[in-house]
Amino acid sequence: MNDMTATDSLVCVKFVQQTDGTPGRTLNPADEAALAAALHHRTTGKVTVLSMAPKSCEAGLRELLARGADKAVLLCDSHFAGSDSYATSGILAEAIRQLGPFGLIFCGRRAIDGETGQVPPALATKLGLPCVTNVLDMEPRSDGILHCRRLLEEGVEHLACQTPAVLSLCEYSYPSRAPSLSDLRRAKGKQVEHLDAAALGIDPSACGLAGSPTRVEQASPHTSGLRRVTQLDLDTFVETTAKLFREVLI
Amino acid sequence: MLSQIAQKHADACRFCWMCRHLCPVGLQTGKEANTPRAKGLQLSLTQRGSASFDANMAEGMYECLLCDACTNDCVTGFEPPLYIREARTQAMVEDIAPAPVVQVLDNIERTGNIYGEEKPTFPSKDNAEVLLYVGEVAACRVPQLAEAYMRLLDKAGISYMTLEQEPPSGAMLGDLIGFTQEVQDQGAACVKALDASGADTVIVLDSYDAAVMRQRWPEWGLSAKAQIITATAFLDQLVQEGKLKLRSLNQTATYHDDSRAARTLQEFEPPRALLAAAGIALSEMFLHRDLAKCCGSSLANAYMPQITLLTAQGRWHDALRTQAQLLVTTCPQSMELLGRAVPQDMELIDLYTLLERACE
Ligand code: SF4
Ligand code: SF4
């Protein structure tokens, strides 16, 4: 895996629920940037997209093939369902070992559903690679050293790191690229490759709920910071405003 | 075949027919396949394996002006042009786009414009702060509109330049093949040329160009250094600032809002304010402002002139019902299209030529 000369790159992507409440899934925004960065910095190597997702996400991966990825792999197995970030990073790491070697592994810095941001560093740890999180942009150098700008809470940090490496990209850091007609023609014959737990040689007890130390005990909507808005007709508005003024001024 | 979002719009259409009576193409041809809902239904059936995306279906996807009237009217929030554009991309990928469409693509690839002609150039001053982006339709087919506008700028004392090699904005190619990388590349080259001119204001004559510059370029991560303003809005400013003085023409006219100005740019007031300033009483058509019925685009006219003749006639029917004798528009494409079917009792005029008549 730790092949410093590898020119291929891999992008881990997640398809998240639509945020407008409509059915179906969409590509996580930070993962859009990760794919855009991988395509932008592609030189001679190939770009593979990898997702652990239900079978229904195959269409989404096909779309990424049309957007310039050379290969798409779907990790799909009922044993994977319910995996937390620990189990997910283990499954992804195993797939990457089988599919590699890769010079760079791109991820979005966090998914808009779970918001943990844990998978990229956990993945790097399991692969034994350096990790740069919150990447804004980067400049790969011919000596195998990657120069990155990463977002901190109160500024921007400039880092140099050795490759291979795992990078987590900030949302919108690289603009997404539309496919060209020739990309689309090339993608026409491409298929999404499927891998399950058996193909990866993963023990079912190491993935899914069984392999996840995290337990979500309860989830509830948060109410702090929400404004209470009431719609009023004109008469009630005038009456209420007059009352409020009286309370404040008198 | 379609992106997930476009497929969702096609699949989720309730086929309620509410957009059917607003489609300028469907209304004129009377073909069910020309209605927006039918296009959605066909693509949805394709996805479900009950129909195949063949040359016939592809042709139907091109029988649309991408005028957004259906989007504007869809109470459930669906956007037929989203999947129609992507279906056009697919038709190109599958090599099943109609031959006249492929011919227009070839024209664009050879010359940068839909006509496949060398684009005329216009007089230009060096290093002016204002740049007039003429656009291919005004340059090649309606130069009188561009020239009238330039004379108005002269009268207002505005020093302007034009580009000798004006690159396309991406508007035409985007409508022809969908928003692929090739279209974004056109946009990027245009931004580069506008930036290189050093202008701080770019006046855009054709609302199709202005719409792509304002709406799509930012989505593609492109932004020109200069402020981009429509020709009509710029002129309205000049009149308000007193740089252009108009006398009353004391006439009645009807005004045609073109679809991009109306529904993408939502620019309704500046042309009406200019007409009022020139003493033109307005007799509005039944479908105006955001509901305006498209008369046909120059792109569609280049590959399906029989249908665009019908759509132009459809708009003239609306105009005739206003009893006005004059139909005014700011859109070079509407000038080209409506100019094909002017009825006996009416006159077609672009706003700038009309304002020239009103200049003191
Ligand atoms: S696009 Fe909207 S208005 Fe048209 S048929 Fe579908 S749901 Fe109805
Ligand atoms: S965009 Fe215009 S022409 Fe096309 S289907 Fe909708 S209403 Fe009809």
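Letters go in sequence order (proteins before strands), and every chain restarts at 1.
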Exercise. Side chain, backbone, both or neither: which part of B:D185 has a heavy atom under 4.5 Å from chain A?
Worked result: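 No part of B:D185 comes within 4.5 Å of chain A.
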So for atom [atom1], which belongs to [X], do other residues, nucleotides or ligands contribute more than 12 heavy atoms lying within a distance under 6.0 Å?
X	atom1	result
A:Q191	CD	no
A:H41	NE2	yes
B:Q215	CD	yes

Exercise. CD1/B:I5 to CD/A:E63 distance, rounded to the nearest 0.5 angstrom?
Worked result: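 So the CD1 of B:I5 and the CD of A:E63 are separated by 9.5 Å.
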Exercise. When rounded to the nearest 0.5 angstrom, what distance separates CZ in A:R67 from OG in B:S3?
Worked result: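 So the CZ of A:R67 and the OG of B:S3 are separated by 9.0 Å.
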Exercise. Any residues in residues 178-189 of chain A near chain B, with a heavy-atom distance under 4.5 Å, and which are they?
Worked result: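 A:A178, A:P179, A:S180, A:L181, A:S182, A:L184, A:R185, A:K188, listed by number.
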